[in-house]
Structure formats: C-alpha cells, structure tokens
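Any value given below was found using the heavy atoms of this structure, including those in side chains, with hydrogens, waters and symmetry copies removed. Residues: numbered from 1 along the sequence shown. Values in this document were obtained by computation on a predicted structure and should not be read as measured data.
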Amino acid sequence: MDELETVSGDSGRTAHARVSFLTFDAFPVGDVRRPVLASWVRSRRRNLPADRIDLPYISDPDLDQPLTRSADPVLMRLHEHLDGQPISVILTERDGLVLRRLTSHTQLSRHLDRVHLAPGFSYSEQFAGTNGIGTALERGGPMHVFGHEHYAEDLEDLACAGVPIKHPISGKTIGAIDLTCWRKDAGSLLIALAKTTADQIRAALMRDCSARQQELVEQYLQAGRRNADMVLAFDGDLLVMNTNARRNLDNSDQAAILAHGSEMLADGRTAVAVELPSGSRVRITCRPVPEGVRTNAAVLQISPRTPGLGVMVVNTNRPPPRPELPGMVGRSGPWLACCRDVDNAYRAGQWIVLSGEAGTGKAALARAAHQQNNPAGAIDVLDAAVPVSDFAADVEAELADDTVQALVIRHTERLAPKQLDDLIGAFYNARERRRSDPPWVALTLTTAGITEPDLGELLPLFPLTVTVPPLRHHADDIRELVPYFLSQLSRDLRCSPEALHQLLRSAWPGNTTALRGVLKQIVQHRRRTGVVVLGDLPADLQAISRRNLSQLEALERDAIIRSLLDSNGNRREAARALGMSRATIYRKIHDYGIR
C-alpha cells in the first residue's frame, strides 16, 4: 500500500536522493518511495524545471459543472471544521486545473499564491512535476507527497495529500481533492481525511445524478458484458465508451457515430450500416434509454459490417474502402483521410489541387494515387519553379500526348500572373483536344501554413482542393516513417526508442522531407549499421527549444550537448567541464529543451 505510506519526519536521505537524482548520481533506491521515484523519472523525461514552478493558467475556469456543484457543500463543511488550522482544501478537475482553494491561514495562503497553487493554475504532473494533486491523478489513486519528495524545490516546504474523485456511475476520474499544509505540520491522518472527503463528494455526485443517467450507464454496462462489440452510451451531459471503442475509433469516427445515433433516435430506427470517415464499414445498433419513449439518451453497439444484415445502408453511393496508397506510410486519421480524398479524386477523374506546407508529400501523394489506379499509364511531373521559356506550352504539349495519363504540376504558386493566364488557356485547349480520354491533373500549391497564394481564375478548373497535413499534425506516423526511411537508406540500421522519442518531439517545420533528410545525414556521416542512438541525432534535434535561439544561444546549447555526451549524461561533470554551476546547467538544459 505505497499510496498510504506516510513520512514521519523530514528525511535528509530524501533530500540527498533528490539532489543525486537531478545530477544523475547514484543513491540508495530505498531512500525514496517507489511511487515518488517513478514520478521523478516521469518529470525528468518531460524536461520539467526542478528549480522553479512554471504552470499554465486559465483566467476563468468553468465552475458551473456537476463536480463543483456537488463538491462545494462538502468543501465548505470541511473548511469550517478546519477553521484556523494551516491546512488548505483544494478541488481540481481531472487534468489538475485548480477550481477551488479554501484556506483560512494567512501565511499558508500567501505561500500557495507564490507557488501558484491557486484557482486557474494546473497542477498536473506534466507541468508541476511530483506533487499530491498531479501524481495522484497520474497514478489513479491516493498519493501523499512530503517535503523533498516534490520534484520542484519551490514546493519543498509543503506536504500534500491528493485523492482522485471517481464519477459514481461511469467510474471515470473527474477531479481530485487535495489537502495541503506545511511539511512540519503534516501527520498520518492527512491522507485519511482526503480520502474521506473524496468519498463524501462521490456520494454527493451520486445524489445529484439523474435516474435516467443511472439507467443509461446500467444498460451500457450490460451491453458491454454481453458481447465484445464497441459500445457507446450518451445523453445530453454524459458520454461513456468501452476500451474497444476508444482503441478503434478516432475522433472523427466517434463524432460520426454520435451523429448517426442522434438521427436514429429522432427517426425511430434501431440499426443502420454506415461507412465511417476512416473508411471502415460498421453496423450501429441503437437502444433508446428508457425504451419505448422519445428520449435523447441511448446505448450504441458498433460491430464490423457483414453481408446480409438487411438494414438501411447510408451513403451507398460512396466508393468502397480502398487499400492504402502504395509507398504512403502512416495510419493516423488526418493522413489516411487525405490519402483517401486524393484516391477518390483520381478514380472520379476530378482535377485536384494539393495544398500544404513544403515537404508534406503533395507530389508523392499524386504519384501514389496514379500508381494505385493506373499503374501501367504514364505520369509526368513539371516543376513551375524551374525556369523555362514557355511553361504553358510545355504543359499543353504534355496534355496533348495521348500516352500521358496523369500530369503533376509542382510549385504552382511560383507562376507569374501572365504565366497563369497562359496556363488556363493550355488547360482549356487540352480538354477540347482530348474530350474522350482526358488526363488527370494535379497541382501542388506550397503554402506557409497560414494563407494560400491567389491563383485567380485557374482554380475553377480544379473543383477540389485537398490540404495535406503537416507532419506535426500526424506526428504518430513518425513511428512508421522512421523505420521505412531507414530501410531505404540502409538495410541494417534501426532506431533506438530514445532517439525515436526525440524525433517525435520535434515540430518538423520541414515536414516529411526534413525527417528523411535527417536520417540520410545520419547514414552518411554517423552510422550505417546497428542502432541509431540519441547521440547520433544532430544537435538541434537533441534539444527541442521552446523559442527561436540567437546564434550565441545555439552555440551554447550545442556546447552543453557535447559536454553531456562526453560525460555520459552526468550533469555535474558537464557543468564542471563548462565552468558552470549545477543550478545554471539545470536551468539551461530546461530552457534549451535538452533531453
């Protein structure tokens, strides 16, 4: 029962262990409780500063919600019982955002203001490091954090006992109750009092829950026990889904299913077969709660569509799901939706504009759609960024060639207004000349991520524009892109989890092209076989900075990285080699985002 352990006094061993941990020095593991050490490790992996508190702030948190309405009477009673005691009663949302703070002790209240333990600030572990609120929410159970067990030194004078608050029906964590006092005043009953308060809030929530919601969740639980389908339950204020649904349905699919569920309730239908935005075909069964009356609450069961259902099929005119485009790597929702749109446009013979930042793979998508649908046909690529005497004439010649089945025109935004006018004429001439077998044309339009260039009257010829998402918007695909690119560059090279994690943290302003360029640089200059480790990455990727650095700052960052590599990550030795104090190198490591 690690979560119920308490600390009888201020442990010098814990203080020493914390310093050793921050400097990567060895210390007896038994000097630190296991859940605290695990939280320290998570905090360090997030590159949190140990020498200060840096928290996000919301000026007007939502206080009109079931949690606060049910908890307020409980908190007020506890606050009255603790009148004059140096104990603060704190209520947070499930993400650690502080909603209420009741403190009658002036000195403690001032200190909590200094460390931003106040309404509007988030004490999630990802922002504040090890603390009673955030670590309890992270672990999903009671947590007592005492003095030097806090990751941030600003909190070392405090003791915190946090307990997650579970919804009485769904069982989900909806917030946390925390009791905070001076570490010198902490006792073994602090965690017990916090648990009792959480139980009282949960009971108040149960009293406030409507009978319909209780019946809804009961029906949801029964449906989940009867089969292995994906199950969702919803009404105006509540949405719950089982693990199978969370794992297999992305946000767009969930939204589509809820929309279908609402339509089924309104129309009185009990089952439909639909195609989801991800391309999956499923059967949705709707059971109103309560049954037999007009309601806005229902339990939905979602199962893979099988032949012979005998139910209404929605969007039957849509093309069936297609296999992934050849050479296009990634399974995230935004990327698959983009691939599907380009593929559908090619099959429909619809001319298309592919818009997006440089390096996102616009031309590659067009080539992949052609290869998918017409692998034997010829495809040509013209680049408007390459100076030629008459670009429109070159385009018209390509379109007049009966062997050309597809044409990709890159960097259309580089064309001058006169060239755009000539290009429009070339397209109309080509359509007149090849009415029976027109080629498929795709324009790529490189934007700065904010606005698109004005192509004037050219765009009406292209009824569809598909925005190719930047890599930062489907960063999970980096997990598949990295091994794919490495297999192209070297047969015997793979990426370590640490290096892959760092690649995932980059914003990749150059997108997929930049990622491949980095891996190519590693193969050419660092390693051709074995495992790519963190030290193989370029210096600017070993530090993910939160701001643009000056040339001097970039040089300092690179020097710190080299020193850390030379000392095998020992910050004390790296600081000594650079002539810095340990406090300075801690701060700079955080400021520069060095992992």
If every non-hydrogen atom of Asn131 is compared with every non-hydrogen atom of Glu125, which pair is closest and at what distance? ND2-CA, 4.3 Å
Between Arg18 and Glu153, is any pair of side-chain heavy atoms under 4.5 Å apart? yes
Identify whether NZ of Lys or CZ of Arg in Arg44 sits under 6.0 Å from the centre of the six-membered ring of Phe24 and within 45° of that ring's axis. yes
Leu67 side chain near Ile201 side chain, heavy-atom distance below 4.5 Å: yes
Can a donor-acceptor pair be found, under 3.5 Å and without considering hydrogens, that links the side chain of Ser506 to the backbone of Gln502? no
Do the charged groups of Arg571 and Asp25 touch, with an N to O distance under 4.0 Å? no
Any side-chain heavy-atom pair from Val231 and Asn244 closer than 4.5 angstrom? no
Inspect the surroundings of CZ in Arg69 and state if more than 12 heavy atoms from other residues, nucleotides or ligands are less than 6.0 Å away. yes
Any side-chain heavy-atom pair of Leu63 and Arg100 under 4.5 Å: yes
Of the non-hydrogen atoms in Val98 and Pro61, which two are nearest, and what is the gap between them? O-CG, 4.4 Å
Whether Phe27 and Phe21 hold their rings parallel, tilted or perpendicular, with breakpoints at 30° and 60°: perpendicular
Heavy atoms only: give me the nearest Trp508-Leu503 pair and the separation to one decimal. NE1-O, 2.8 Å
Under a 3.5 Å threshold, yes or no: a donor from one side chain and an acceptor from the other, between Ser109 and Arg101? yes
Does any donor atom in the side chain of Thr130 or Ser39 lie under 3.5 Å from an acceptor atom in the other side chain? yes
Within this structure, what is the CG-CG distance for the pair Asp31 and Leu37, rounded to the nearest 0.5 Å? 10.5 Å
Working to the nearest 0.5 angstrom, can you tell me the gap between His81 NE2 and Met76 CE? 11.0 Å
Looking at side-chain heavy atoms only, is the closest gap between Val36 and Thr135 below 4.5 Å? no
Is the ring pair His105/Trp182 parallel, tilted or perpendicular, if the boundaries are 30 and 60 degrees? perpendicular
Could you please spell out the steps behind the side-chain contact (heavy atoms from CB on, under 4.5 Å) verdict for Val74 and Ile177? CA-CA 11 Å; Val74 177; Ile177 183 68; over 6 Å; no
Is it the case that the side chain of Asp477 and the backbone of Arg331 share a donor-acceptor pair, with hydrogens and angles ignored and the cut-off at 3.5 Å? yes
Sub-3.5 Å donor-acceptor pair from the side chain of Trp335 to the main-chain atoms of His473, do we have one? no
Heavy atoms only: give me the nearest Ala575-Ile585 pair and the separation to one decimal. N-CD1, 3.6 Å
With no hydrogens and no angle check, is any side-chain donor or acceptor of Tyr123 less than 3.5 Å from a backbone partner on Gly132? no
With rounding to the nearest 0.5 Å, note down the distance linking CG in Leu471 to CG in Asp476. 10.0 Å
For Asp229 and Thr285, run side-chain contact (heavy atoms from CB on, under 4.5 Å): C-alpha distance rounded to whole Å, both residues' side-chain angles, the deciding distance at 0.1 Å, then the answer. CA-CA 11 Å; Asp229 284 344; Thr285 302; over 6 Å; no
State, to 0.1 Å, how close Leu504 and Ala475 come at their nearest heavy-atom pair, and which atoms those are. CD2-O, 3.3 Å
Just do the side-chain contact (heavy atoms from CB on, under 4.5 Å) check on Leu22 and Tyr151 with the steps written out, would you? CA-CA 9 Å; Leu22 294 175; Tyr151 188 79; 3.7 Å; yes
Atom NE2 in His150, atom CG in Asp157: separation rounded to 0.5 Å? 10.0 Å
Locate the shortest heavy-atom distance separating Leu578 from Ala559; write the atom from each residue and the value. CD2-O, 4.1 Å
Taking the side chain as every heavy atom from C-beta outward, state whether Thr92 and Ile165 have any pair of such atoms under 4.5 Å apart. no
Do you see a donor-acceptor pair shorter than 3.5 Å between the side chains of Ser43 and Arg46? no
Would you say NE2 of His79 has more than 12 non-hydrogen atoms from neighbouring residues, nucleotides or ligands within 6.0 angstrom? yes
Are more than 12 heavy atoms, taken from residues, nucleotides or ligands other than Arg94, located less than 6.0 Å from that residue's CZ atom? no
Heavy-atom side-chain proximity of Ser496 to Leu534 below 4.5 angstrom: no
In sequence, state the C-alpha distance, the side-chain angles, and the governing distance for Leu99 and Gln65, and then conclude on side-chain contact (heavy atoms from CB on, under 4.5 Å). CA-CA 11 Å; Leu99 299 174; Gln65 54 179 290; 3.9 Å; yes
Indicate yes or no: at least one non-hydrogen side-chain atom of Thr180 is less than 4.5 angstrom from one of Thr103. no
Rounded to the nearest 0.5 Å, how far does CG of Asp72 lie from CZ of Arg77? 11.0 Å
Does Leu232 offer a backbone N or O that forms a donor-acceptor pair with the side chain of Tyr220 under 3.5 Å? no
When rounded to the nearest 0.5 Å, the distance separating CG of Leu276 from CD of Gln254 is 10.5 Å
